[in-house]
Engineer: 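Got a structure here, written out as structure tokens. Questions coming.
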Protein chains: 2
Amino acid sequence: MPRGREKITPLMHRVLQTLSASRVHLTAEEILECLEGVGRATVYRALDRLCEQGLINRLSLESGTSVYEYVREPHMHFVCRECGNLYDIPAEFASSLEQIMTKCGHSIVKTDVTAYGVCKNCRMAE
Amino acid sequence: MPRGREKITPLMHRVLQTLSASRVHLTAEEILECLEGVGRATVYRALDRLCEQGLINRLSLESGTSVYEYVREPHMHFVCRECGNLYDIPAEFASSLEQIMTKCGHSIVKTDVTAYGVCKNCRMAE
DNA sequence: TACAATAATGATACAGAGTCTCAAAAACGA
DNA sequence: TCGTTTTTGAGACTCTGTATCATTATTGTA
Ligand SMILES: [Zn+2]
Ligand SMILES: [Zn+2]
Ligand SMILES: [Zn+2]
Ligand SMILES: [Zn+2]
């Protein structure tokens, strides 16, 4: 049960469309470029609220920047340090993670499983 | 088998000492404060190289900043969105993660399992 | 409809974290 | 020792993201 404001403003809707259509992970700046004439602050506001409502997912990468994705199936991520590609890995640890955290007394809102290394393509190419 | 420069400079050593002694997760700026008279660039350089050599671990948080820790046992992290505390959770997914990623053809260098939510203390206090 | 209150938006100044450049200092090697 | 390479520090700079605030759009109501 999300507790934030549930309303979806016109701009939130456009951002959601952009992410849902792109099928990849986009940075805030990339989304900004897609939405011509829209102010930077507005895009960041929309992204925050969509995250709060659980409609999109923010991923904080090693590089310092965040990328956003439309929420579909739960999955993990793999980031290649050679080419920078970000791969969706279809597996789920959420339930077992939640168990462990619950034992510690914490309540989980979001889990984030990311691995870093060298992807198949880059390894082949070397 | 790390491939970076293996040498440890005097400053890298001081940074390593600082992290090893503190037993908590420190930001680059906090480390900078501990090491009076040391240049900002030097600290960031040292942190990068220590990460490459696998002696310390960088954690990229939702907040946009990174924290560093001395590498001890593998563990997961839990970040409380209320109080900001970062908890070490003693459990390990590395081996099963590695299996899955390997099936996808990628080779893992580092895994990062972090959950966000509300910690025990904050939940009690409400 | 007309009007007041509230919410959303955009321009822009601002802040924080981290990087780049370059010259000085230190370490190294012959 | 003396020249070469590495490390370091100061500070300018970049890049994400935030805060402020006036303008515009929406909403609710008389
Ligand atoms: Zn790659
Ligand atoms: Zn994804
Ligand atoms: Zn807490
Ligand atoms: Zn830790």
Side-chain angles (χ1 to χ4, degrees), chain A residues 2-19 24-53 55-69 79 81 84 86 112 114 116, chain B residues 2-19 24-53 55-69 79 81 84 86 112 114 116:
Chain A
R3 63 177 56 179
R5 169 187 325 281
E6 288 307 305
K7 189 177 171 192
I8 296 197
T9 70
L11 215 126
M12 283 168 72
H13 195 255
R14 290 179 66 190
V15 169
L16 202 51
Q17 287 275 310
T18 305
L19 276 173
V24 293
H25 307 77
L26 297 178
T27 65
E29 295 298 316
E30 284 167 345
I31 293 165
L32 190 55
E33 280 171 26
C34 292
L35 304 174
E36 203 146 320
V38 176
R40 166 179 270 88
T42 310
V43 167
Y44 278 96
R45 263 190 306 253
L47 288 169
D48 281 349
R49 286 179 57 181
L50 289 168
C51 281
E52 281 169 23
Q53 296 187 22
L55 296 171
I56 67 172
N57 187 30
R58 173 192 286 117
L59 216 70
S60 308
L61 300 181
E62 213 178 37
S63 62
T65 66
S66 293
V67 292
Y68 299 84
E69 67 185 344
V79 180
R81 281 177 172 165
L86 199 165
D112 178 3
T114 304
Y116 295 85
Chain B
R3 62 178 56 180
R5 170 187 326 280
E6 288 306 307
K7 190 178 170 192
I8 296 196
T9 70
L11 216 127
M12 283 168 72
H13 195 256
R14 289 180 66 191
V15 169
L16 201 52
Q17 287 276 310
T18 304
L19 276 173
V24 293
H25 307 77
L26 298 178
T27 66
E29 296 298 318
E30 284 166 345
I31 293 165
L32 190 55
E33 281 171 25
C34 292
L35 304 174
E36 204 147 320
V38 177
R40 166 178 271 90
T42 310
V43 167
Y44 278 95
R45 263 190 306 252
L47 288 169
D48 282 349
R49 286 179 57 182
L50 288 168
C51 282
E52 280 169 23
Q53 297 186 22
L55 296 172
I56 67 172
N57 187 30
R58 173 192 286 116
L59 216 72
S60 307
L61 300 181
E62 212 177 41
S63 62
T65 65
S66 293
V67 292
Y68 299 84
E69 66 185 343
V79 180
R81 280 177 172 165
L86 199 167
D112 178 3
T114 304
Y116 294 86

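The structure displayed is predicted, hence computed values, not measured ones.
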Engineer: Can you list everything that forms a salt bridge (charged side-chain N to carboxylate O under 4.0 Å, His left out) with B:Glu33? Sequence neighbours excluded, please.
Structural biologist: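 If we apply the salt bridge (charged side-chain N to carboxylate O under 4.0 Å, His left out) test to B:Glu33, skipping adjacent residues, there are no hits.
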
Engineer: How long is the line joining CD1 of B:Ile31 and C1' of C:dG18, in whole Å?
Structural biologist: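 The distance from CD1 of B:Ile31 to C1' of C:dG18 comes to 13 Å, rounded to the nearest Å.
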
Engineer: For the pair made of CD in A:Glu36 and P in C:dT9, what is the distance, rounded to whole Å?
Structural biologist: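 Going from A:Glu36 (CD) to C:dT9 (P), I get 18 Å.
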
Engineer: Check every strand shown and say whether A:Thr9 touches a base, only sugar-phosphate, or nothing at a heavy-atom separation below 4.0 Å.
Structural biologist: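 Sugar-phosphate, no base atom in range.
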
Engineer: Could you list all N or O pairs between the protein and nucleotides 27-29 of chain D that sit under 3.5 Å apart?
Structural biologist:
none

Engineer: Restricting to non-hydrogen atoms, name the atom on A:Lys7 and the atom on A:Arg49 that form the minimum distance, rounded to 0.1 Å.
Structural biologist: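 Where A:Lys7 meets A:Arg49 most closely, the heavy atoms are O-NH2, 3.2 Å.
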
Engineer: Just by modelled atom types, is the A:Arg14 backbone N or O under 3.5 Å from a matching donor or acceptor in the A:Thr18 side chain?
Structural biologist: yes

Engineer: Can you measure B:Glu33 atom CD to C:dG16 atom P for me and round it to whole angstrom units?
Structural biologist: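 In whole Å, C:dG16 P lies 13 Å from B:Glu33 CD.
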
Engineer: For the pair made of CZ in B:Arg14 and P in C:dA26, what is the distance, rounded to whole Å?
Structural biologist: 14 Å

Engineer: With a 4.5 Å heavy-atom cut-off, do B:Leu55 and B:Leu19 have their side chains touching?
Structural biologist: no

Engineer: Identify, with sequence neighbours excluded, every residue that meets side chain to side chain donor-acceptor pair (under 3.5 Å) alongside B:Thr9.
Structural biologist: none

Engineer: Kindly say if A:Arg49 contacts the phosphate of C:dA8, meaning a side-chain N or O under 4.0 Å from OP1 or OP2.
Structural biologist: yes

Engineer: Under 4.5 Å between any side-chain heavy atoms of B:Val24 and B:Val67, yes or no?
Structural biologist: no

Engineer: Starting from the C-alpha separation in whole Å, work towards a yes-or-no answer on side chain to side chain contact (heavy atoms under 4.5 Å, CB included) for B:Tyr68 and B:Leu47.
Structural biologist: CA-CA 8 Å; B:Tyr68 299 84; B:Leu47 288 169; 3.7 Å; yes

Engineer: I'd like to know if B:Arg45 reaches the base of C:dG18 with its side chain, counting only an N/O donor and acceptor under 3.5 Å.
Structural biologist: no

Engineer: Would you mind reading off the distance between B:Leu32 atom CG and D:dG9 atom P, rounded to a whole angstrom?
Structural biologist: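 After rounding, the gap between these two atoms is 10 Å.
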
Engineer: Hey, is the main chain of B:Glu62 close enough, under 3.5 Å, to the side chain of B:Tyr116 for a donor-acceptor pair?
Structural biologist: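 Present.
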
Engineer: Using five base pairs at each end to define the local axes, how bent is the helix from C:dT1-D:dA30 to C:dA30-D:dT1, to the nearest 10°?
Structural biologist: 20°

Engineer: Could you write out each protein N or O paired with an N or O of nucleotides 13-18 of chain D at a distance under 3.5 Å?
Structural biologist:
| from | atom 1 | to | atom 2 | distance (Å) |
| --- | --- | --- | --- | --- |
| D:dG17 | OP1 | A:Ser66 | N | 3.3 |
| D:dG17 | OP2 | A:Tyr44 | OH | 3.1 |

Engineer: Starting at atom CG of B:Leu11, determine the distance to atom C1' of C:dA26, rounded to an integer number of angstrom.
Structural biologist: 13 Å

Engineer: In whole angstrom, what separates B:Ile8's CD1 from D:dT8's P?
Structural biologist: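 Atom CD1 in B:Ile8 sits about 12 Å away from atom P in D:dT8.
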
Engineer: Do the side chain of B:Gln53 and the main chain of B:Leu50 share a donor and acceptor less than 3.5 angstrom apart?
Structural biologist: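 Answer holds: no.
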
Engineer: Take the protein atom CG of B:Leu26 and the nucleotide atom P of C:dA17, then report the distance between them rounded to whole Å.
Structural biologist: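 Answer to the nearest Å: 14 Å.
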
Engineer: With sequence neighbours excluded, tell me which residues meet salt bridge (charged side-chain N to carboxylate O under 4.0 Å, His left out) with A:Arg58.
Structural biologist: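 By the salt bridge (charged side-chain N to carboxylate O under 4.0 Å, His left out) rule, A:Arg58 matches A:Asp48.
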
Engineer: Is any side-chain heavy atom of A:Leu59 closer than 4.5 Å to a side-chain heavy atom of A:Leu86?
Structural biologist: yes

